[in-house]
Amino acid sequence: MYRKFCQKNHFDPLTFEGNIADILPIPVHVFKALGHKLSSVSSDSIRTKLQSSATSGTPSTILLDKVTARRQTRAMARVMQEVLGPKRRPFCIMDIDPTSPNASNLGARIAAIKGYLNFASSSNYFVDANSPTATLEFLEEQFVKHLQSLDNSEPVIIFGFTFVLYNTVFKTLKEKGVSFQLPEGSQVIHIGGWKKLQDLQINKEQFNQMASDFFNCKKEKIIDIYGMTEQLGTIYPDCDAGYKHVPIYSEIMIRNTDTLEIEDIGKSGFIQLLSPIPHSYPGISLLSDDIGKIIGIDNCPCGRKGKYFQFEKRAEQADIKGCGDTID
């Protein structure tokens, strides 16, 4: 199917001369309708059929072989090492324990969380519900006891989905007027979409302020990670200045929302993500329905070199997608 797509659009990989802007991007929503058919390897090479979410709407489906899975793991580990350092840290996960019977309908969320547990020295869960369909509840007493049991000198990682952190943890703590003193150097790392928080008119600055207030950690230690199921392994954490850097494993371009022409630095448009990591499916060049802009190259205030960008919002017409946006 991808070969026919290339032929129809007059793209020939045999005469391709290396300008990556010419590699045809596939709109990410194609993986909702056709992901189960989009394979670049034989069927007996497929080891995993990964779905982004099955709780609302149509999930994206990605077909993975051993080569792709290995590449994803290695790339993600290298990027996260820059965020966490070489040492594993205790993870306090603000979500339901996957072994709980109440986690039976959270397959996509649990799968996403497990990918980050490779960087944890220990993992404990501090959100639960009375039933698989009940409202999530922050287990405050268990969290306090766990913090008291830890070494005060070792930083911890508060980890969870953006909307769960806000709706279940932050709102509860605000109502009770409670905050915690985490060890110096602790971080709040969150993943998933911003659509629901934008609907609630909660922006990134407000979210970071709440996280800083409730966990007494510096704002540069509150890290939002951008990424998508359709191109796993290539993730984009915030730097100390609040921007997202493009790792060596990928490239980012911005395309005009009307013409799809490449936009200049500083101009907003659709985020196009390119990566050589996908081997078992045609996911090397994806056109997302996210809006963002390239901020600059080699001049980020954090001191890191290379291209850095900013995610702004989902396109207005876009369907809610992804395990971070289908929480309820």
Side-chain angles (χ1 to χ4, degrees), residues 75-95 109 112-121 123 126 154-170 173 180 182-198 202-228 231-247 249-250 252 271 273 290 292 295 300-313 322-325:
M76 184 176 177
R78 293 287 181 85
V79 174
M80 285 303 294
Q81 193 173 43
E82 291 192 23
V83 176
L84 300 173
K87 187 177 179 182
R88 292 172 181 258
R89 303 292 186 190
F91 269 53
C92 300
I93 301 165
M94 300 303 163
D95 216 316
R109 264 171 49 201
I113 289 171
K114 283 183 177 179
Y116 287 87
L117 294 187
N118 292 322
F119 316 108
S121 59
S123 56
F126 299 101
E154 182 176 16
V156 302
I157 306 298
I158 305 296
F159 181 85
F161 279 89
T162 307
F163 186 72
V164 175
L165 271 169
Y166 170 77
N167 200 52
T168 303
V169 180
F170 293 175
L173 295 178
F180 304 97
L182 300 184
E184 183 72 23
S186 295
Q187 296 168 296
V188 177
I189 297 178
H190 58 106
I191 62 175
W194 280 90
K195 178 71 167 64
K196 289 186 177 297
L197 289 192
Q198 289 173 344
I202 303 295
N203 60 33
K204 187 174 180 178
E205 185 176 339
Q206 293 169 312
F207 182 94
N208 287 356
Q209 185 63 59
M210 285 185 277
S212 178
D213 291 343
F214 296 137
F215 295 111
N216 282 293
C217 64
K218 298 176 181 177
K219 288 185 180 179
E220 59 264 29
K221 296 293 185 181
I222 301 162
I223 299 168
D224 168 41
I225 296 182
Y226 176 73
M228 56 182 57
Q231 211 174 74
L232 282 178
T234 48
I235 55 174
Y236 306 89
D238 286 342
C239 69
D240 288 350
Y243 298 118
K244 301 182 184 301
H245 287 254
V246 181
Y249 306 101
S250 66
I252 293 287
I271 300 175
L273 307 99
D290 296 328
I295 303 298
C300 182
C302 79
R304 289 180 60 187
K305 299 298 183 181
K307 182 184 290 186
Y308 60 105
F309 70 102
Q310 184 177 48
F311 164 81
E312 296 180 314
K313 62 178 181 178
C323 37
D325 284 325

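Sequential numbering from 1 along the given sequence is applied to the chain's residues.
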Check whether any side-chain N or O of [X] sits under 3.5 Å from a backbone N or O of [Y] as a donor-acceptor pair, and report yes or no.
{"X": "Gln187", "Y": "Val83", "result": "yes"}
{"X": "Gln206", "Y": "Asn203", "result": "yes"}
{"X": "Lys196", "Y": "Thr162", "result": "no"}

Are side-chain heavy atoms of [X] and [Y] found at a separation under 4.5 Å?
{"X": "Met76", "Y": "Asn118", "result": "no"}
{"X": "Glu184", "Y": "Lys218", "result": "yes"}
{"X": "Pro237", "Y": "Val79", "result": "yes"}
{"X": "Ser212", "Y": "Ile222", "result": "yes"}
{"X": "Phe180", "Y": "Ile158", "result": "no"}

Could you state the interatomic distance from [atom1] ([X]) to [atom2] ([Y]), rounded to the nearest 0.5 Å?
{"X": "Asn208", "Y": "Lys219", "atom1": "CG", "atom2": "NZ", "result": "7.0 Å"}
{"X": "Ile252", "Y": "Phe309", "atom1": "CD1", "atom2": "CZ", "result": "4.5 Å"}
{"X": "Phe161", "Y": "Asp95", "atom1": "CZ", "atom2": "CG", "result": "6.5 Å"}
{"X": "Phe215", "Y": "Met210", "atom1": "CZ", "atom2": "CE", "result": "11.5 Å"}
{"X": "Ser121", "Y": "Ile157", "atom1": "OG", "atom2": "CD1", "result": "9.0 Å"}
{"X": "Ile189", "Y": "Leu165", "atom1": "CD1", "atom2": "CG", "result": "11.0 Å"}

Would Arg78 and Tyr249 count as a side-chain contact (heavy atoms from CB on, under 4.5 Å) here? Give the steps.
CA-CA 10 Å; Arg78 293 287 181 85; Tyr249 306 101; 3.1 Å; yes

Should the ring pair Phe170 and Tyr166 be called parallel, tilted or perpendicular, given that the plane angle runs from 0 to 90° and is split at 30 and 60?
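Aromatic pair Phe170/Tyr166 classed perpendicular.
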
Check [X] against [Y] and note the closest heavy-atom contact, atom names and distance.
{"X": "His245", "Y": "Lys305", "value": "ND1-O, 3.9 Å"}
{"X": "Leu84", "Y": "Arg89", "value": "O-NE, 4.2 Å"}
{"X": "Ser186", "Y": "Leu182", "value": "OG-CB, 3.6 Å"}
{"X": "Leu273", "Y": "Met228", "value": "CD1-CE, 3.7 Å"}
{"X": "Pro90", "Y": "Glu154", "value": "CD-OE2, 3.5 Å"}
{"X": "Asp224", "Y": "Lys244", "value": "O-NZ, 2.8 Å"}

Looking at Tyr116 versus Phe91, is the centre-to-centre ring distance below 6.0 Å?
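No, the ring of Tyr116 stays outside the 6.0 Å limit from the ring of Phe91, centre to centre.
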
Between Phe163 and Leu197, is the side-chain contact (heavy atoms from CB on, under 4.5 Å) condition met? List the steps.
CA-CA 7 Å; Phe163 186 72; Leu197 289 192; 3.9 Å; yes

Arg304/Asp240 ion pair, N-O < 4.0 Å
no

Residue among Tyr226, Tyr236, Tyr243 satisfying ring pair (Phe, Tyr, Trp, His ring centres under 6.0 Å) with Tyr308:
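Per the ring pair (Phe, Tyr, Trp, His ring centres under 6.0 Å) rule, the option paired with Tyr308 is Tyr243, out of Tyr226, Tyr236, Tyr243.
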
Evaluate Ile235 against Met80 for side-chain contact (heavy atoms from CB on, under 4.5 Å), listing each step before the verdict.
CA-CA 9 Å; Ile235 55 174; Met80 285 303 294; 3.6 Å; yes

Non-neighbouring partners of Lys114 that pass side chain to side chain contact (heavy atoms under 4.5 Å, CB included), sequence neighbours left out
Ile110

Using the rule given for side-chain contact (heavy atoms from CB on, under 4.5 Å), can you reason through Phe126 versus Ile93, listing the C-alpha separation, both sets of side-chain angles and the distance that settles it, and then say yes or no?
CA-CA 6 Å; Phe126 299 101; Ile93 301 165; 6.0 Å; no

For Gln81, is the CD atom crowded, meaning more than 12 foreign heavy atoms sit under 6.0 Å from it?
yes

